Amino acid sequence: MPELPEVEMVRRSLRRFRLRAPVTRVWRSRLALRTGEAWSRSKERVQRLKGWRPGEVDRRGKYLMMRFHREEMAESCLLLHLGMSGHVEVCHANEALEDHTHLRIFFDDDRELRFVDPRRFGGVRFDARGRIEGSHPISSLGPEPLDRGFTGLLLAAQAKGSRRVIRDVLLDQRVVAGLGNIYVLEALYEAGIHPATKASRLRASAWERIATASTGALRRGIENKGTTLQDYRDASGATGTHQHALRVYGRGGDACDRCGATLDAWMMGNRTAVRCPAEQPVVRGRWVS
DNA sequence: CAAGAATCCTGAATGC
DNA sequence: TGCATTCAGGATTCTT
């Protein structure tokens, strides 16, 4: 599942293609991708990419922002979310078409960018007028966990007043941008915090550990070029290796790498949680330091 | 407004 | 072998 490290790898791989030739044609499948306010009318709007030249590729949380330029016009932006199973690829226009291809952007140098997404949880949107940062969903995102200034103090402030459990708080993109279930569970293991701990029970020292563990987990994910469980690939088709480095995610019933205790997996809400019972003990009605 | 549940989707894995 | 069921989960919408 693409989370921040996977999206960052896609960003870096996309940059390496140095796409600069103008868009000659756009093809969009009939099938709907992500729906909702932020993505509505995207099918028609994406056609307006014609004539624009691609430039930088930025990332915010799990969103990719491909910048486009055109003479004497303000910057435009193609917003991409990979959802659960999405990936982008750059290839020559005569390459065989994969199933579940939903967007093809043809460039003047005979190359093509494709967005493929079997489960269709991903989303695509083009804004011919820039300022994408100021509009939903980008404007609603919490701080970037890899930025300087992302501290336990900031995280605690973002979560202030929440009565939810820490696992759910960290999954909330308005609190912090880019974490998904995999990296949240890895971070909480690293921090020694039970995923079901009420956020309101955490002391400053615990918030600090969680913030540090979160950035650490994400950085290691990037170092290992992302987690490839099934679908994830970067824009060159390269898979990651971080799935081999995971300490808890997907490892319920296995022995903890550190203490040998049997990792405990259970359903929290509609998602799987995993923890080490020895290193992430249950705390009830007490402060967690 | 906040929190939790339901929703969207397909392919892989599992069960009988 | 084959068919039906379960599971995976990000963000949004709906319900309480």
Side-chain angles (χ1 to χ4, degrees), chain A residues 1-8 10 29-43 59-65 79-88 97-103 115-125 132 135-142 145 157-188 195-201 214 218 221 226-233 239-240 242-243 246 248-253 265-274:
Chain A
M1 334 298 144
E3 301 180 25
L4 188 153
E6 290 74 38
V7 179
E8 177 61 18
V10 173
S29 76
R30 287 185 175 198
L31 296 171
L33 294 171
R34 183 184 298 277
T35 54
E37 182 200 348
W39 310 96
S40 60
R41 289 179 294 132
S42 70
K43 262 191 228 182
R59 179 191 57 74
R60 181 79 171 85
K62 302 174 194 173
Y63 293 85
L64 274 176
M65 298 182 291
L79 186 68
L80 277 166
H81 193 292
L82 304 178
M84 294 289 303
S85 58
H87 72 267
V88 296
L97 205 60
E98 258 183 277
D99 278 350
H100 310 293
T101 301
H102 297 294
L103 177 69
F115 178 68
V116 182
D117 185 7
R119 274 172 255 187
R120 289 196 270 137
F121 278 25
V124 165
R125 183 179 94 186
I132 190 117
S135 62
H136 185 75
I138 300 296
S139 61
S140 313
L141 295 175
Q158 289 288 119
K160 201 179 160 192
S162 175
R163 279 174 292 205
R164 289 181 294 173
V165 299
I166 186 62
R167 199 280 311 257
D168 291 346
V169 167
L170 294 175
L171 281 176
D172 187 340
Q173 304 299 299
R174 294 169 303 184
V175 172
V176 50
L179 291 167
N181 205 34
I182 296 173
Y183 291 95
V184 163
L185 292 176
E186 294 300 309
L188 290 174
T197 308
K198 294 277 186 191
S200 56
R201 288 287 170 193
S214 299
L218 294 169
T227 304
T228 300
L229 294 170
Q230 284 164 22
D231 303 286
Y232 165 71
R233 289 170 266 173
T239 55
H242 195 58
Q243 62 277 13
L246 297 175
V248 284
Y249 180 87
R251 295 193 52 197
W266 75 104
M267 290 303 280
M268 255 181 90
N270 55 357
R271 275 166 206 167
T272 308
V274 190

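Lettering of chains follows the sequences in order, A, B, ..., and the numbering in each one begins at 1. Side chains included, hydrogens not; waters and symmetry mates left out as well; all remaining heavy atoms used. Keep in mind that this is a model prediction, so the values were computed, not measured.
Sequence order on DNA chain B of the closest nucleotides to A:G269 and A:P118 puts A:G269 first from the 5' end.
For A:L79 and C:dA11, the CG to C1' distance is 13 Å, given to the nearest whole Å. With rounding to whole Å, A:R120 atom CZ is found 18 Å from C:dA11 atom P. One atom, CE of A:M268, and another, P of B:dG4, lie 9 Å apart when rounded to the nearest Å. Taking atom NZ of A:K62 as the reference point, atom P of C:dT12 lies 11 Å away to the nearest angstrom. For the pair A:H81 NE2 and B:dC9 C1', the computed distance is 15 Å after rounding to whole Å. One interatomic measurement links the two molecules: CD of A:Q158 to P of B:dA2, which rounds to 13 Å at whole-angstrom precision. One interatomic measurement links the two molecules: CG of A:L33 to P of C:dA11, which rounds to 15 Å at whole-angstrom precision. Going from atom CE of A:M84 over to atom P of C:dT12 covers 15 Å, rounded to whole Å.
Between A:H136 and C:dA11, a side-chain N or O to OP1/OP2 separation shorter than 4.0 Å is absent. In this model, the phosphate group of C:dC7 is not approached by any side-chain N or O of A:T272 to a distance below 4.0 Å at OP1 or OP2. Contact annotation: A:H100 side-chain N/O to B:dG11 OP1/OP2 distance is under 4.0 Å. In this structure, A:Y183 does not reach the C:dG10 phosphate: none of its side-chain N or O atoms is under 4.0 Å from OP1 or OP2.
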Checklist entry - Under the side chain to side chain donor-acceptor pair (under 3.5 Å) criterion, do A:H102 and A:S29 qualify, and how do the steps go? => result CA-CA 5 Å; A:H102 297 294; A:S29 76; 2.9 Å; yes

Checklist entry - Can you list the steps and then say if A:L229 with A:I182 is a side chain to side chain contact (heavy atoms under 4.5 Å, CB included)? => result CA-CA 11 Å; A:L229 294 170; A:I182 296 173; 3.7 Å; yes

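Rounded to the nearest 0.5 Å, atoms OG1 (A:T197) and CZ (A:R164) are 14.5 Å apart. Note that the OG atom of A:S139 and the CD1 atom of A:I132 stand 9.5 Å from one another [nearest 0.5 Å]. Rounded to the nearest 0.5 angstrom, A:Y249 OH and A:L185 CG are separated by 8.0 Å. The line from CZ of A:R125 to CG of A:L79 is 5.5 Å long, rounded to the nearest 0.5 Å.
For C:dG9, the base is stacked against the aromatic ring of A:F121, per a cut-off of 5.5 Å between centres and 30° between planes.
Checking B:dT7, C:dG10, B:dC9 against the side-chain heavy atoms of A:N270 singles out B:dT7 as nearest.
Within the 4.0 angstrom heavy-atom criterion, base atoms lie near A:R271. Among the atoms of the strands shown, none is found under 4.0 Å from any heavy atom of A:D117.
In this structure, A:H81 and A:Y63 have perpendicular ring planes: the angle between them is above 60°, well past the 30° mark.
Using modelled atom types, one side-chain atom of A:E3 and one backbone atom of A:Y183 make a donor-acceptor pair closer than 3.5 Å.
With hydrogens and angles ignored, a donor-acceptor pair under 3.5 angstrom links the side chain of A:R119 to the base of C:dA8.
DNA chain B lies under 4.0 Å from at least one heavy atom of each of the following residues of residues 162-181 of chain A: A:S162, A:R163, A:R164.
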